[in-house]
Amino acid sequence: MAHTGVSDPIADYIAALSARLRGPSSAKADLLAEARDGLDDAAEAYAAAGHPDPRGRAVAEFGDLTCLARAYQAELGVAEGARALKSVLVAVPVMHALWQTNQLVWIGSWSEYGGPVPEWYRAVADVNDWIGWVVMGLAGLALLAGRLLSRRGVETRRLGRAAGFLGAAGSFVLLLNLVVLLTATASLDMSRLLMPLPCLAVGAGMFIVHGRILVLAHRSLKFTAG
Amino acid sequence: MKADALRGHLDALLLAVLDGRQLHGYAIIEALQARSGGALDLPTGTVYPALRRLERGGLLVSEWSTVGGRKRRTYRLTPAGTRALATERSAWREFTAAIDGILGGGPWPTQA
């Protein structure tokens with residue numbers, strides 16, 4: 001039922017709620033659309049029952065804006081944190097596969113690239129390899145733990161902060177891992193950094209992807225702060 | 001019944017009203033009020049984040065579907081949600097039986 005007054009309590013409430021929420025736009029639009037649907041349904045029910053101000057009553061029963069905004073914000077924060085962790089799950093194997101494919105095509109064995117390498121460099125390259133898988137495994141475990149903790153009623157805001165923290169820590173470790181490998185390679189032989197263009201592109205892509213995950217995780221922490 | 005008293009039971013109540021059916025948010029709220037004879041005094045907006053939390057926990061799944069000519073997000077139980085509801089019901093029966101044994105029995109017999 002359309003509201004005939006100058007301002008519509010439901011539209012005003014949704015606008016005020018929207019103004020207080022920060023988070024991924026699709027998740028935010030989805031939450032707000034559902035809230036608006038619920039308010040419209042309630043207003044229709046009150047109108048059918050002959051209530052003089054059905055839309056105002058629907059808003060009054062929906063709940064205090066500050067309390068609900070906090071609950072909705074926590075949902076958005078956890079959504080962003082889960083997005084960061086899922087990105088780690090996808091990014092690590094995809095970037096690894098891209099790197100391995102390009103390396104095989106353009107370089108051959110990394111440890112033999114540009115000549116034999118000392119033992120310490122081989123160890124750095126090995127650690128660099130498995131750190132990615134460890135971070136990916138931890139991201140998967142964190143998502144699983146988040147699912148179980150949601151069932152146990154753990155506060156959503158705390159879950160969002162935990163997901164954001166783990167996502168930030170994971171992406172920071174992955175970035176640091178890249179920097180360590182680059183530094184080790186440069187200190188071994190600077191000319192080794194002048195790889196074929198496709199390999200350089202994948203290397204740059206790794207920095208961009210892991211940097212993007214760090215931004216997502218940081219946003220999750222921001223969305224669940226306070 | 002006030003919201004504070006419900007907080008610890010809201011998840012179980014939501015699972016119960018979705019047992020064997022698929023409902024949208026407001027229909028869930030109406031079902032909660034109808035089943036409680038109107039005794040539940042819960043800010044209706046709090047139900048939506050709770051539904052999202054249960055979905056995140058894998059106890060519910062949701063989808064946008066057309067109900068009554070409008071697009072609405074509807075929820076239904078997953079197999080894990082059905083199992084969780086059975087556990088909640090069993091725990092509730094045990095709890096109420098224990099409390100009823102104490103509160104529902106009238107005054108203690110006086111000692112001679």
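Note that this is a predicted model, so its numbers are computed, not measured. Lettering follows sequence order; numbering is per chain, from 1.
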> Looking only at heavy atoms, what is the nearest atom pair of Gly45(B) and Tyr72(A), with distance?
Replying inline: O-OH, 3.5 Å
> Should we say atom NE2 of His218(A) is surrounded by more than 12 heavy atoms from elsewhere, each under 6.0 Å from it?
Replying inline: no
> What's the verdict on salt bridge (Lys or Arg N to Asp or Glu O under 4.0 Å) for Glu44(A) and Arg70(B), showing C-alpha distance, side-chain angles and the deciding distance?
Replying inline: CA-CA 13 Å; Glu44(A) 276 176 20; Arg70(B) 275 180 31 202; 2.9 Å; yes
> Looking only at heavy atoms, what is the nearest atom pair of Tyr26(B) and Ala45(A), with distance?
Replying inline: OH-CB, 3.6 Å
>> Heavy-atom cut-off 4.5 Å, strictly under: side chain, backbone, both or neither for Asp64(A) against chain B?
In response: neither
> Do Phe62(A) and Pro43(B) have side chains that get closer than 4.5 Å, going by heavy atoms?
Replying inline: no
> Taking NZ, NE, NH1 and NH2 as the nitrogens, is one of them in Arg151(A) or Asp11(B) under 4.0 Å from a carboxylate oxygen of the other?
Replying inline: no
> Looking at OG1 of Thr44(B) and CG of Leu39(A), how far apart are the two atoms once the value is rounded to the nearest 0.5 Å?
Replying inline: 6.5 Å
>> Heavy-atom cut-off 4.5 Å, strictly under: side chain, backbone, both or neither for Ala80(B) against chain A?
In response: side chain
> Quick one: do Arg52(B) and Glu34(A) make a salt bridge, cutoff under 4.0 Å?
Replying inline: yes
>> Please classify the contact of Val59(A) with chain B as side chain, backbone, both or neither, using a heavy-atom distance under 4.5 Å.
In response: neither
> Could you state the interatomic distance from CG (Asp40(A)) to CZ (Arg72(B)), rounded to the nearest 0.5 Å?
Replying inline: 9.0 Å
>> Between Arg147(A) and Glu55(B), does any side-chain N to carboxylate O distance fall below 4.0 Å?
In response: no
> Would you call Asp37(A) and Arg73(B) a salt bridge, taking side-chain N to carboxylate O under 4.0 Å as the test?
Replying inline: no
> Who wins among Ala42(A), Gly38(A), Ala33(A), Ala58(A) for the most heavy-atom pairs under 4.5 Å with chain B?
Replying inline: Ala42(A)
> Are any of the side-chain heavy atoms of Leu159(A) and Arg56(B) separated by less than 4.5 Å?
Replying inline: yes
> Where do His24(B) and Asp41(A) land on the side-chain contact (heavy atoms from CB on, under 4.5 Å) test, with the steps shown first?
Replying inline: CA-CA 10 Å; His24(B) 61 82; Asp41(A) 283 335; 3.4 Å; yes
> Considering only heavy atoms, which portion of Leu68(A) lies under 4.5 Å from any heavy atom of chain B: side chain, backbone, both, or neither?
Replying inline: side chain
>> Below 4.5 Å, heavy-atom pairs only: which of Val78(A), Asp30(A), Leu149(A) has the largest tally toward chain B?
In response: Asp30(A)
> Is it true that atom CZ of Arg158(A) has more than 12 heavy atoms of other residues, nucleotides or ligands lying nearer than 6.0 Å?
Replying inline: no
